[in-house]
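These notes concern the structure reproduced below.
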Amino acid sequence: QVQLAESGGGLVQAGGSLRLSCAVSGGIFSSYTMGWFRQAPGKERELVAAISRSGGTTDYANSVKGRFTISRDNAKNTQYLQMNSLKPEDTAVYYCAATGKWSTIPRSYDYWGQGTQVTVSS
């Protein structure tokens, strides 16, 4: 059974940084496209960033381009999201997800973590 566990969320002031981690167990990590999604209260879950199996291809939501960086370490079965220049509108629950194909659509992802809260104060 594939399990995903996020860590690294918290409260930060606007302009600050956070680094999220997602540890994957129970599956072959290098066979998954990995993604970060977020969901704010009253809003739909949306893509933040996705990274291909090798890490050679990435995709970002326009709202985070230039501020966030997705990466992965296949030897450690872990993916990361470095978030810089955080804004209050980045406040949401952030989810780690995995899928066996390339996709940026939430419904294409088969496995999900429980989520970690990120709150950015103004």
Side-chain angles (χ1 to χ4, degrees):
Q1 182 177 358
V2 180
Q3 293 184 320
L4 288 71
E6 304 98 336
S7 60
L11 174 64
V12 64
Q13 289 188 334
S17 297
L18 283 174
R19 189 194 196 202
L20 305 183
S21 299
C22 173
V24 178
S25 60
I28 304 174
F29 181 72
S30 60
S31 70
Y32 300 126
T33 290
M34 298 299 298
W36 287 100
F37 295 83
R38 67 186 181 187
Q39 188 166 17
K43 295 188 176 181
E44 293 187 352
R45 192 169 296 189
E46 63 176 2
L47 173 78
V48 176
I51 188 166
S52 63
R53 299 166 184 172
S54 67
T57 300
T58 58
D59 197 8
Y60 295 90
N62 288 334
S63 59
V64 306
K65 283 181 180 177
R67 300 188 297 123
F68 291 10
T69 302
I70 190 171
S71 62
R72 65 190 295 162
D73 186 336
N74 284 351
K76 296 182 177 179
N77 292 350
T78 303
Q79 75 155 346
Y80 306 96
L81 185 68
Q82 178 66 44
M83 304 185 293
N84 299 328
S85 302
L86 282 160
K87 305 175 181 180
E89 50 264 43
D90 294 318
T91 295
V93 177
Y94 284 69
Y95 297 90
C96 169
T99 178
K101 57 186 176 183
W102 174 257
S103 177
T104 59
I105 302 172
R107 66 175 181 268
S108 296
Y109 282 71
D110 303 303
Y111 307 105
W112 292 83
Q114 292 298 309
T116 186
Q117 177 70 44
V118 171
T119 302
V120 184
S121 62
S122 58

Notebook entry, point to check: Closest approach of T104 and A50, non-hydrogen atoms and distance?
Noted result: CG2-CB, 4.4 Å

Check: Out of curiosity, C96 SG to M34 CE, how far, rounded to the nearest 0.5 Å?
Finding: 3.5 Å

Item checked: Spacing of SG belonging to C22 relative to CD belonging to E6, to within rounding of 0.5 Å -> 5.5 Å

Check: Distance only, no hydrogens: is a donor on one side chain within 3.5 Å (strictly under) of an acceptor on the other, for Q117 and T119?
Finding: yes

Notebook entry, point to check: Does one hydrophobic cluster hold both L20 and L47, with members joined at side-chain heavy-atom distances below 4.5 Å?
Noted result: no

Next item on the list: Please say whether the positively charged group of R45, taken as NZ for Lys or CZ for Arg, lies over the ring of W112, i.e. under 6.0 angstrom from the six-membered ring centre and within 45 degrees of the axis.
Entry: yes

Note to self: Within the structure provided, determine whether D110 and Y32 are in side-chain contact (heavy-atom separation under 4.5 Å).
What the structure shows: no

Check: Under 3.5 Å, side chain of N74 to main-chain N/O of R53, donor-acceptor pair present?
Finding: yes

Notebook entry, point to check: For the atom pair OG (S21) and CD (Q82), what is the distance rounded to the nearest 0.5 Å?
Noted result: 9.5 Å

Item checked: Residue pair G16 / V12: nearest heavy atoms and the distance that separates them -> CA-CG2, 3.8 Å

Notebook entry, point to check: If you measure from CG on L11 to OG1 on T91, what distance do you get to the nearest 0.5 Å?
Noted result: 8.5 Å

Note to self: So which atom in R67 and which in S85 form the shortest heavy-atom distance, rounded to 0.1 Å?
What the structure shows: NH1-O, 2.9 Å

Note to self: In terms of relative ring orientation, are Y94 and F68 parallel, tilted or perpendicular, with 30° and 60° separating the classes?
What the structure shows: tilted

Next item on the list: Compute whether any side-chain donor of one residue and acceptor of the other, for S17 and N84, lie under 3.5 angstrom apart.
Entry: yes

Next item on the list: Check whether more than 12 heavy atoms from other residues, nucleotides or ligands sit under 6.0 Å from atom CD of Q114, and answer yes or no.
Entry: no

Note to self: With clusters defined by side-chain heavy atoms of hydrophobic residues (ILVMFWY) lying less than 4.5 Å apart, directly or transitively, does Y80 cluster with L18?
What the structure shows: no

Item checked: Check: S103 side chain, S108 main-chain N or O, donor-acceptor pair, under 3.5 Å -> no

Next item on the list: Calculate, to the nearest 0.5 Å, the distance between atoms CD and CD belonging to E44 and E46 respectively.
Entry: 9.5 Å

Item checked: Heavy-atom closest pair, residues Y60 and A49 -> CD2-CB, 3.6 Å

Note to self: I need the minimum non-hydrogen distance between S30 and R72, along with the two atoms involved.
What the structure shows: CA-NH2, 4.0 Å

Check: Are V24 and Y95 co-members of a hydrophobic cluster defined by side-chain heavy atoms under 4.5 Å apart?
Finding: no

Next item on the list: Calculate, to the nearest 0.5 Å, the distance between atoms CD1 and CZ belonging to I105 and R107 respectively.
Entry: 5.0 Å

Check: Do W36 and M83 belong together in a cluster built from hydrophobic side chains that touch within less than 4.5 Å?
Finding: yes

Next item on the list: Inspect the surroundings of CD1 in I28 and state if more than 12 heavy atoms from other residues, nucleotides or ligands are less than 6.0 Å away.
Entry: no

Notebook entry, point to check: Going only through I, L, V, M, F, W and Y residues with side-chain contacts under 4.5 Å, is there a path from Y111 to F29?
Noted result: yes

Next item on the list: List the atom of P88, the atom of S122, and the distance in Å for their closest heavy-atom pair.
Entry: CG-CB, 3.8 Å

Next item on the list: Compare all side-chain heavy atoms of T33 with those of I51 and state whether any distance is below 4.5 angstrom.
Entry: no

Next item on the list: Decide yes or no for D90 and R38: does some side-chain heavy atom of the first lie under 4.5 Å from some side-chain heavy atom of the second?
Entry: yes

Margin query: Taking the ring of F37 and the ring of Y109, is the distance between their centroids below 6.0 Å?
Written below: yes

